[in-house]
Amino acid sequence: MSMKTLYLVVPLAPLAGAIVAGLFGRAIGRAGAHRVTIAGVAVSFVASLAVFADVLAGNTFDGSVYTWLASGGVRFEVGFLIDRLSALMMVVVTFVSLMVHIYTIGYMAEDPGYQRFFAYIALFTFAMLMLVMANNFVQLFFGWEAVGLVSYLLIGFWYKRPSAIHANLKAFLVNRVGDFGFLLGIALVLAYFGTLQYRPVFDQAPALAASGALPITAICLLLFVGAMGKSAQFPLHVWLPDSMEGPTPISALIHAATMVTAGIFMVARMSPLYELSTTALAVVMAIGAITALSMGLVALTQYDIKRVIAYSTLSQLGYMTAALGASGYAAAIFHLMTHAFFKAVLFLAAGSVIIALHHEQDMRRMGGLRRHMPITYATLLVGAIASAGIPPFSGFFSKDAIIETIRHATVPGAAFAYFCVLACVFVTAAYTFRMVFLAFHGEPRFDPQHPPHESPAVVTVPLVLLAVPAVASGWWIGSLVFGDWFGASLVVRPEHANVAQLAAEYRGLVAFVVHGLAAPPFWLAVAGIATAYYLYRVRPELPKRLAQRLGVLYALVERKYGFDELYALVFAAGARAVGAGLWKGGDERAIDGVLVNGAARVVGWAAGVVRLVQNGLLSWYAFMMILGVAAVYAIVKYRVFAP
């Protein structure tokens, strides 16, 4: 099999599984649906490994596989760019997706939409692979919109629940805002460069920037608006927590390896453009830093176990975005990889708890679960330690790489961003271990008549397999990043080479670990864990008293800073007010009142006037004839109209 054929196999194998499960789900049954989709994703994973090995051997690919349309000298193609960045993303996406597919067998065992769910998640995998493998903006936009469409279907999977319908509509509408900016950015690319292929655009970009920075800045900012929607960055973050209305496996897939990472990947792929605009980099960094800290604080106030992890995702995405703004593209992708593993573990472990407690998600009704669910507890603890950034777990390497990259950044606003991400280390450790202590430690608060039990192997085996890279991937991926492994996949100007500066400063991961043990982030993480232990194990009455003392501040954070209410008041109510104005003023008054009813009234009045003359009486007609003759006689006789 040629490598070009293998590239096609990677996205098409999950697509084939999705088509079979979606169209023939009733015929092949539940077992047939999960077998065909898991087989498709497994084939894609194996093919991705083969592609990855080929890329490591020094082989890359950038070419078209199918021409969809040619218009006005512009070709719209399906094409692949296979380099170290895309190959690594392909492996992570397919591996996490494969684990989620296997896990779903246990989680969705009793659900009547079993076949439909498997079709959706396989289609989701196809869409994400098309996005990361694209070599042109048209295919990027196709994958971009496809993951948005499938996420809409999956968030609203339980469509009989009003809350699920509300959540998927919210996700759809917020992402339309981001996608509108994204589409405008692509339109500007076509207008200025005359092509939608990555390589010619990247090659021509320096010349355009030399003639004026405004077009490049506008393109970068508009593309980033799309990333703000997909990767749920402030202020377009409001949809992601509500995506928890979907089943837990899709929460893991969206939050760990697919939709929300699309924006991070896109900005990294567009590094040749972003490196030409300091303004765009500064905006990206500021948005990421604000998102990281503000969403981490919200996670401290949540009691729904899935929402805690959802806000954790928002915060971690903020880390990645801030790193992108510091030109630390390698550090951002590094954290994207490690985050995919430990966040998938956290979500799937939370799903295991939810199954065991008969779909209970409130941590105030849990407690003491570690004795009943030892495997789930152990794997969730691994994810929590990695998320908190404790060495030698993977999250330590990638998170500290981001913090150090931002510390060395020369982009305006770097000091503010450094403060935010540093403070967020404490907050992350606190909310993560708050979840651990509330759910798994202390006295049991669940229904004693229905004690929980460990989940079946189909659930726990994927947890264990994901926990392994959550522990170990930091050492491997970190060595790649510090060794400039991405090479030409990422473009960084010499004055922005912060990751390279880290590599020169620490000379390997061991030195980085030694430095990390003495650096502020490590001790802030330890302090966060200690604070969570004290508040939720030693003095469990204190959190409620603290919340009361903080009063308005706590209420503001708990209500997510009021963004839902603000958007409902300004945009939703505003749209309704505009609609009502158009209905009352436009439809009823202007169209119905003036054009339709007004025209009818004019015709009615004219008909009434005509009826006075044309009344059907012969004597009246004779009288009018006499008047007419008299009038004509007077005009002629007395020359009424004579000059």
For the side chain of [X] and the backbone of [Y], is there at least one donor-acceptor N/O pair under 3.5 Å apart?
X: T94; Y: M90; value: yes
X: R116; Y: G25; value: no
X: Y319; Y: H335; value: no
X: S231; Y: G263; value: yes
X: E454; Y: T376; value: yes
X: T301; Y: L297; value: no
X: T291; Y: I287; value: yes
X: S315; Y: S312; value: no
X: Y561; Y: S294; value: yes
X: R370; Y: V436; value: no

Legend entry - Neighbour count above 12 (heavy atom, 6.0 Å) for E541 CD: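 For E541, atom CD is crowded (more than 12 foreign heavy atoms under 6.0 Å).
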Check for me whether the distance between the ring centres of [X] and [Y] falls short of 6.0 Å.
X: Y120; Y: F124; answer: no
X: Y377; Y: H441; answer: yes
X: F433; Y: Y533; answer: no
X: H237; Y: F563; answer: yes
X: F157; Y: F117; answer: yes

Inset, instruction - Apply side chain to side chain contact (heavy atoms under 4.5 Å, CB included) to the pair L253 and L154, showing each step before the final yes or no. - result: CA-CA 10 Å; L253 198 55; L154 284 163; 5.8 Å; no
Inset, instruction - Give the C-alpha distance, both sets of side-chain angles, the deciding distance and a yes or no for side chain to side chain contact (heavy atoms under 4.5 Å, CB included) between L346 and K343. - result: CA-CA 5 Å; L346 289 174; K343 188 52 57 71; 4.0 Å; yes
Inset, instruction - Given salt bridge (charged side-chain N to carboxylate O under 4.0 Å, His left out), test D564 with R559 step by step and report yes or no. - result: CA-CA 8 Å; D564 284 331; R559 294 179 71 95; over 6 Å; no
Side chain to side chain, [X] and [Y], heavy atoms closer than 4.5 Å:
X: D304; Y: D362; result: no
X: S352; Y: M373; result: yes
X: M228; Y: V177; result: no
X: V51; Y: M133; result: no
X: V10; Y: F80; result: no
X: T125; Y: I121; result: no
X: R35; Y: I28; result: no

Inset, instruction - Tell me, please, whether Y303 has R364 positioned over its six-membered ring: NZ or CZ under 6.0 Å from the ring centre and within 45 degrees of its axis? - result: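 Yes, R364 sits over the ring of Y303.
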Legend entry - Cation-pi geometry met for R176 and F172 (6.0 Å, 45°):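 Yes, R176 lies over the aromatic ring of F172.
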Inset, instruction - Give the C-alpha distance, both sets of side-chain angles, the deciding distance and a yes or no for side chain to side chain contact (heavy atoms under 4.5 Å, CB included) between I38 and I105. - result: CA-CA 10 Å; I38 290 174; I105 297 173; 3.6 Å; yes
Legend entry - Test log, rule side-chain hydrogen bond (donor to acceptor under 3.5 Å, both in side chains), inputs T248 and Y107: CA-CA 8 Å; T248 297; Y107 190 88; 3.0 Å; yes
Legend entry - Partner of V458 by side-chain contact (heavy atoms from CB on, under 4.5 Å), out of S455, P462, P456: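 Of the listed options, the one satisfying the test is P456.
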Inset, instruction - Would you give the length of the straight line joining atom CG of L131 to atom OG of S86, rounded to the nearest 0.5 angstrom? - result: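 Reported value, rounded in 0.5 Å steps: 11.5 Å.
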Inset, instruction - Measure the spacing between CG of L169 and CG of D242 and express it to the nearest 0.5 Å. - result: 11.5 Å
Inset, instruction - Measure the acute angle between the ring planes of F182 and F141, then classify it against the limits of 30° and 60° as parallel, tilted or perpendicular. - result: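 Geometry flag for F141 against F182: parallel rings.
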Legend entry - F341/S394 under side chain to side chain contact (heavy atoms under 4.5 Å, CB included): CA gap, chis, key distance, verdict: CA-CA 9 Å; F341 298 130; S394 62; 5.7 Å; no
